[in-house]
Amino acid sequence: MFWESVVIALEGLRANKLRSVLTMLGIIIGVGAVIAMVSLGMGVRQKVQSSIASLGSNLLIIVPGATSPTGVRMAAGSSTTLLPKDAQAIAREVPGASLVAPSVSRQYQVVFNNRNWYTNVQGTTPEFLAIRNFSLESGVSFSTQDLNTRARVVILGKTTADNLFGDISPIGQTIRINKAPFRVIGVLGAKGQSATGHDQDDFAIIPLTTAQERMMGINYLHNISVQAVSEDAVDQVQEDITQLLRARHRIALGAEDNFTVRNLAAVMATAEETTKTITLLLGNIAAISLLVGGIGIMNIMLVSVTERTREIGIRKALGATYANILLQFLIEAVVIGVTGGLIGIALGIGASYLISALADWNTVISMWAIVAAFGFSVMIGLFFGLYPARKAALLDPIEALRYE
C-alpha cells in the first residue's frame, strides 16, 4: 500500500502541474535566497579576515595623538609626539616586540620618462616588509647602509610599478620622486585590494632617513609598526609599550596619552563578530520566505483536499485506511518541499556566482547553508502538509462520496 500511496501522490501532482509549480515557488525562492545571502555574508567575512591578516600577524600600530572623549584626532603629520628614538627604545626595552618599523608617509608625484603616477611614498626601515607580510617579486630590499647614507633607492608596490613601467623591468631604472632621482631596487608581490576597496599595492618605499631628511624635512614619525613574538603576547606587548612611551614622554599619572596603540587582533575580532552577525541576519531574513512557502503549501494542500473529497471517499470505500490517505498527502507535501529545495539550491548557487561576477563581490558557497536550507525545506513540507493530510484522512467516506 505504501508504493500505491506514492504513485497516487505523484499522479495527483502531475495532474495539477501549474498548481504544484506555484506551490514550490515559495520554497525555491526561500532556499535560493538563504544560500545566496549566506554565501555573500561568508564572502564579506572572508574578505575582511584576509584584508586584516594581510596587514601583518600579531601587529600593533602606534600613532601620535590620543583618542579624545570628543572623538577628534589631529590629521596624520600634524602631531609630532613620536620620534625615531621611541621606536629604538621599544625594540630595545620591550621583550615581546620581535620587530619594530618606524614610518613616515606622504603623497608624491612619481615620474619615469613620459609616465607619471601619484602615489603614497612610505619612508621606513627594512623590518617593515616582514612585519606587514610583504614579499619581493623581484630585486632586493634596502639595507642598514642605505639608511645610514640616506640613499636614494626605492622599492615599488606592484600597482605603482605597472603604471610606471608596464612591461619594462623596473629593476635598476631611475625614477623621480618629487623631482629627486631614485634608483629602483625592488618590486613587491601583489596583495590586491583590502576589504574597504583600498589598493594595497599602490605605494613606494624608501629608507626612513631619506624620507625624513631629504624629502620631508621632519624629525618625527607618523606611526610605528610592532610585531609581537606571538599572538598570546600581543596584549602584554601593548601594555609594555604604553608604559614605556608614557615614561619617555613624561606623561603625568592620570593624564591622557599623547599616542595611541592600536591592536589589530582586537580589530579583527570585532570585524569577524560584525560580519558573522550580518551573515546570520541575511540568512534569517531570507529564511522568512521559506516560512511563506510553507504556508503556501498548506493553503494549496487544503484546496487540494477540498477538490478531491469524492476521490478520497472512493478510496476509503475501496478499503484505503487512515494511514494510506495520510501518507498520500504527506508524500505530496514532501515531494513539493524536496523538489523545490533542490531547484532552490541550484538557483542559490547560480545567484552567488552571478553576484560575484556582476557586482565584483566576494562570495563563498557554504555547504552548511545548503544542507540547512534543504533540510528546512523538507521539514516545512512535512510540517505544513501534516494538517491538510490529517484533515483528508479523517474525512467520513459516506460524507465524502456525497460531496459535490
Side-chain angles (χ1 to χ4, degrees), residues 56 60-65 73-94 97 99-112 116-132 134 136 139-157 160-161 164 170-188 202-227 241 244-245 248-250 258-261:
L60 296 166
I61 298 177
I62 308 160
V63 293
R73 178 185 291 281
M74 300 298 286
S78 61
S79 182
T80 61
T81 57
L82 286 181
L83 300 173
K85 288 185 177 180
D86 290 328
Q88 295 167 10
I90 292 170
R92 185 176 60 249
E93 300 179 33
V94 177
L99 293 172
V100 179
S103 300
V104 294
S105 64
R106 189 173 291 176
Q107 297 288 119
Y108 285 111
Q109 195 78 17
V110 182
V111 179
F112 174 70
N116 66 86
W117 189 251
Y118 194 68
T119 190
N120 181 58
V121 177
Q122 185 107 4
T124 186
T125 61
E127 291 80 9
F128 180 83
L129 299 184
I131 292 176
R132 295 298 185 92
F134 278 105
L136 283 164
V140 296
S141 178
F142 51 84
S143 62
T144 303
Q145 183 179 354
D146 293 326
L147 283 170
N148 294 336
T149 60
R150 298 176 299 166
R152 293 187 185 275
V153 293
V154 61
I155 302 170
L156 300 178
T160 305
L164 285 178
I171 306 302
Q173 302 286 353
T174 298
I175 64 173
R176 304 188 75 83
I177 302 176
N178 197 33
K179 299 181 181 179
F182 280 80
R183 180 169 55 89
V184 180
I185 61 171
V187 175
L188 298 175
D202 187 7
F203 73 112
I205 302 175
I206 62 177
L208 176 65
T209 50
T210 307
Q212 285 184 307
E213 299 174 32
R214 288 192 167 188
M215 299 290 293
M216 303 177 190
I218 59 176
N219 63 354
Y220 54 87
L221 302 174
H222 292 156
N223 64 75
I224 302 172
S225 298
V226 179
Q227 185 179 66
I241 290 172
L244 174 63
L245 292 183
R248 287 185 57 81
H249 296 182
R250 295 182 174 86
N258 60 6
F259 60 89
T260 300
V261 184

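Note that the coordinates shown come from a computational prediction; the quantities given were computed from them, not determined experimentally. This chain uses plain numbering: 1 for the first residue, then up along the sequence.
Put simply, the side chain of S105 never gets that close to the backbone of V121: no donor and acceptor are under 3.5 Å apart. No side-chain donor-acceptor contact under 3.5 Å links S103 to the backbone of T124. Here the side chain of H249 pairs a donor or acceptor atom with the backbone of T81 at under 3.5 angstrom.
Within the 4.5 Å cutoff, the side chain of V261 has no heavy atoms near those of the V226 side chain. Within the 4.5 Å cutoff, the side chain of Q109 has heavy atoms near those of the V111 side chain. Residues P207 and T149 are not in side-chain contact: their nearest non-hydrogen atoms beyond the backbone lie 4.5 Å or more apart. Counting only heavy atoms from C-beta outward, the side chains of L164 and P170 never approach each other to under 4.5 Å. Within the 4.5 Å cutoff, the side chain of L221 has heavy atoms near those of the Q212 side chain. Between I205 and L129 the shortest side-chain heavy-atom distance falls below 4.5 Å. Residues V100 and I224 have side chains in contact (heavy-atom distance under 4.5 Å, counting atoms from C-beta outward). For the pair L156 and I175, the minimum side-chain heavy-atom distance is below 4.5 Å.
For the side chain to side chain contact (heavy atoms under 4.5 Å, CB included) criterion with F142, the lone passing option out of V153, L208, I206 is V153.
In this view, N178 and Y108, M215 satisfy the side-chain contact (heavy atoms from CB on, under 4.5 Å) rule, not counting sequence neighbours. Listed by chain and residue number, T209, T210, E213, R214 satisfy the side-chain contact (heavy atoms from CB on, under 4.5 Å) test with R150 (two or more places apart in sequence, or in another chain).
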(request) Could you please spell out the steps behind the side-chain contact (heavy atoms from CB on, under 4.5 Å) verdict for N120 and D202? (result) CA-CA 7 Å; N120 181 58; D202 187 7; over 6 Å; no
(message) One pair to check against side-chain contact (heavy atoms from CB on, under 4.5 Å): F203 and L188. What are the steps and the verdict?
(response) CA-CA 10 Å; F203 73 112; L188 298 175; 3.5 Å; yes
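Between T174 and F112, the closest heavy-atom pair is O-CD1, 3.4 Å. Across all non-hydrogen atoms, the minimal contact from L147 to P126 is CD1-CD, 3.7 Å. A pairwise comparison of heavy atoms in Q227 and A130 identifies NE2-O, 4.1 Å as the closest pair.
Judged as a salt bridge (charged side-chain N to carboxylate O under 4.0 Å, His left out), not a single pair has a partner in residues 122-131 (not counting sequence neighbours).
How far NE2 of H222 is from CD1 of I62: 15.0 Å, rounded to the nearest 0.5 Å.
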